[in-house]
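Below, all heavy atoms of this structure are taken into account, side chains as well, without hydrogens, waters or symmetry copies. Owing to the predicted nature of the structure, the values given are computational and were not obtained by experimental measurement.
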Amino acid sequence: MATQVQQGDVLVLTEEAVRSVERNHSLWNTDLRPSTRDEHSWSGMKFASLWIGMCICLPTYSMASGFIALGMNWWESVITVLVGSVIVLIPILLVSHAGTKFGIPYPVFARLWFGKWGAHIPALARAIIATGWFGINSWFGGQALDAILTRVIHGWSSFGFHMGVSFLIFWAINVAIAMRGPQAIGKLAVFAAPTLALGAVILLIWAADKAGGFGPMLAAPATIHGAKFWAAFYPSVISVIAFWATMALNIPDYTRYAKTQKGQVRGQIWSMPLTMAAFAFIGIAVTSATVILYHQAMWDPVSLIAKFPTLLVIISGIVVILASVTINVGANVMAPARAFENLWPRRITFAIGAVITGLLAFGMQPWYVLSEFSNYIFNWLGTYGTLLGPFDGIAIADYWLVRRQRLDLVALYSTNSRYDYARGFNLQAVWALVIGWLIAVIGLIVPALHFLWSGGWLFSLLGGMIAYVLLMRGDRSILSDAEYERITLVQPAGHLAGGLANGMSASK
């Protein structure tokens, strides 16, 4: 008997299937269940707005600006950002397909590769990275708020803990907004994207005017050439890839709401790489202008804002605050909140998960990460890119090469099912993860193979992917064509058969 129905690009559970699994509180709740047909409502424009809002952020600006500090010229820096963005878009789109087709969030998707309890490993790994980004963006926003308060409140800067107070205030604002849930996140991105784009253009115009035009501003030559350039270019591209390696894992948290595969693919292709390159150009150009104006490359935009007149400090600070809130609630809360929720679905809600995310952000010490550019690019981005690489490889290999886009949704939410590995862990995935990490670590130990570590995301991804495919050959959890056809009823888009779940009223 069919338990799932595919209409066009998306698949939903039958009402009978929903009733059979919704009482399994250890694996099912309102946030973790598959999306209903009605919930597949996000158009390509919604995804474009989401990416524009997430790309136009302070970490993007700082990363791109830092390439000038490394010795690249402006067009070399822009190309570095564009190349890295296009490369990381490939795994993002490959993983996006699963979210759109099956309507499942990232923690549930991870049950396929790591098992019921093993899924907590990739979910928590992604969550830890997200809490670090949450802290980084909160620190940027706190700095902007502190710059505003310093100008409008006499004696504020003389208060010894003034930056800490500003950080705490901004942190609380982020947590309060994030607690409102995923739909509030989507609405915020639609509102924020055009506002942030306008603020970035105004900043670019200001820099060009003060520096005497784009000619002088972009005339600074590169200070690294030949082998030195490639030695900087290679890890810099990897750092750009690592910048969005997190989204390559938990993108199903968003694409589970997509109307169609074509819509979400087009929305992402035409927004993420181009927005990253365009905003990178602004950050690079403005940073180049600071070399002319202040005789140093100011890669931290908040330090630049602090030099403005009071009115501009207030306006610019508000733009920075809006940017930081948007990226935080748009990209850095969804994954960890879902991961913490998945630890105890019966007790932990999305709102509680958002609070836990905020609390853990303190432990990531964002003030240290942002104290030096090398800490930010090579230590932070490089290290966590290596950490996440095998997870990206295993996710892609599982969905496209091992299971060939064939899943049993009821089994994902059931105990004693084909996906219920021994003691809840898929040991093949664990071994593939370790192999991926070891390949990168070899580059850290053997100097002649250091390229394996500096390109840690790429080599750990390939290692984990190949190892997983080899280890999973003939695994009993893989659906045969006949089994998939038996449980799946395929219908034309827009023609849902009577008696099948649409709104999933039984689960609400």
Side-chain angles (χ1 to χ4, degrees), residues 1-42 95-113 115-116 119 123 181-183 250-261 264 338 341-342 345-346 349-350 398-399 403-420 477-508:
M1 182 181 69
T3 57
Q4 52 194 36
V5 184
Q6 183 171 338
Q7 300 175 275
D9 291 338
V10 304
L11 187 148
V12 297
L13 285 174
T14 66
E15 291 179 359
E16 292 80 3
V18 171
R19 285 193 291 269
S20 73
V21 295
E22 67 176 342
R23 292 182 180 86
N24 190 358
H25 296 301
S26 65
L27 297 174
W28 173 287
N29 69 11
T30 302
D31 292 324
L32 295 175
R33 61 166 173 75
S35 299
T36 68
R37 190 66 185 90
D38 290 342
E39 288 172 330
H40 282 276
S41 59
W42 285 27
V95 177
S96 291
H97 191 281
T100 300
K101 182 175 181 179
F102 293 98
I104 51 177
Y106 168 56
V108 176
F109 183 43
R111 293 174 189 171
L112 286 168
W113 353 311
K116 178 176 63 178
Q183 298 302 328
N250 80 293
I251 191 65
D253 285 331
Y254 303 90
T255 57
R256 65 186 296 227
Y257 301 114
K259 288 182 179 179
T260 64
Q261 296 286 9
Q264 61 91 358
R338 287 279 189 249
E341 185 179 24
N342 194 41
R346 194 171 185 178
T349 64
F350 184 90
D398 183 271
Y399 183 71
R403 305 191 194 279
R404 296 178 299 150
Q405 308 98 57
R406 290 171 169 82
L407 312 182
D408 182 349
L409 279 179
V410 170
L412 268 177
Y413 294 92
S414 304
T415 54
N416 300 319
S417 70
R418 67 173 60 248
Y419 304 130
D420 199 7
S477 70
I478 302 171
L479 279 170
S480 67
D481 292 345
E483 288 174 316
Y484 185 74
E485 291 174 2
R486 179 176 57 82
I487 65 173
T488 307
L489 178 63
V490 179
Q491 296 219 334
H495 293 81
L496 187 63
L500 298 178
N502 190 17
M504 277 193 193
S505 57
S507 69
K508 296 186 178 179

- request: Please check if any side-chain donor atom of Gln264 sits under 3.5 Å from a side-chain acceptor atom of Thr255, or the reverse.
  value: no

- prompt: After noting the C-alpha distance and the side-chain angles of Gln491 and Val5, does the key distance pass the side chain to side chain contact (heavy atoms under 4.5 Å, CB included) rule?
  reply: CA-CA 7 Å; Gln491 296 219 334; Val5 184; 4.1 Å; yes

field: Flag, side chain of Glu483 to backbone of Ser480, donor-acceptor distance under 3.5 Å
entry: yes

- prompt: Can you name the closest pair of heavy atoms from Tyr413 and Leu32 and give their distance?
  reply: OH-O, 2.5 Å

- prompt: Does Arg406 use its side chain to pair, donor to acceptor, with the backbone of Arg404 at less than 3.5 Å?
  reply: yes

- prompt: Side chains of Ser35 and Arg256: is there a donor and an acceptor less than 3.5 Å apart?
  reply: yes

- request: Nearest 0.5 Å please: distance from the OG1 atom of Thr3 over to the CZ atom of Arg486.
  value: 8.0 Å

message: Keeping His40 on the side-chain end and Ala258 on the backbone end, is there a donor-acceptor pair under 3.5 Å?
response: yes

task: Flag the pair Asp408 / Tyr419 as yes when at least one side-chain heavy-atom distance between them is below 4.5 Å, and no otherwise.
output: yes

- prompt: Are Ser477 and Trp113 side-chain neighbours, meaning at least one heavy-atom pair lies under 4.5 Å?
  reply: no

message: I'd like to know whether Phe102 forms a side chain to side chain contact (heavy atoms under 4.5 Å, CB included) with Leu112, so could you lay out the CA-CA distance, the side-chain angles of the two residues, the decisive distance to 0.1 Å, and finally the verdict.
response: CA-CA 13 Å; Phe102 293 98; Leu112 286 168; over 6 Å; no

- request: State plainly whether the residues Arg403 and Asp398 are in salt-bridge range, i.e. N to O under 4.0 Å.
  value: yes

message: Within this structure, what is the CG-OH distance for the pair Asp253 and Tyr106, rounded to the nearest 0.5 Å?
response: 9.0 Å

- line: Distance col, row Phe109:CZ vs Ile251:CD1, nearest 0.5 angstrom, shows 12.0 Å

query: Is a donor on one side and an acceptor on the other found under 3.5 Å between the side chain of Ser414 and the backbone of Ser417?
result: no

query: Any sub-3.5 Å donor-acceptor pair from Arg37's side-chain atoms to Leu11's backbone N or O?
result: no

Separation between CG of Leu409 and CD1 of Ile487, rounded to the nearest 0.5 Å: 8.0 Å

message: Assess the residue pair Val21 and Leu27 against the criterion (side chain to side chain contact (heavy atoms under 4.5 Å, CB included)); give the C-alpha distance rounded to whole Å, side-chain angles, the decisive distance to 0.1 Å, and a yes or no.
response: CA-CA 9 Å; Val21 295; Leu27 297 174; over 6 Å; no

- prompt: Roughly how far apart are Lys101 NZ and Thr260 OG1, rounded to 0.5 Å?
  reply: 14.5 Å

query: Would you say the side chains of Tyr399 and His97 form a donor-acceptor pair under 3.5 Å?
result: yes

- prompt: Is Glu39 paired with Lys259 through a side-chain N to carboxylate O contact shorter than 4.0 Å?
  reply: no

query: Measuring from Arg33:CZ to Leu412:CG, what's the distance to the nearest 0.5 Å?
result: 15.0 Å

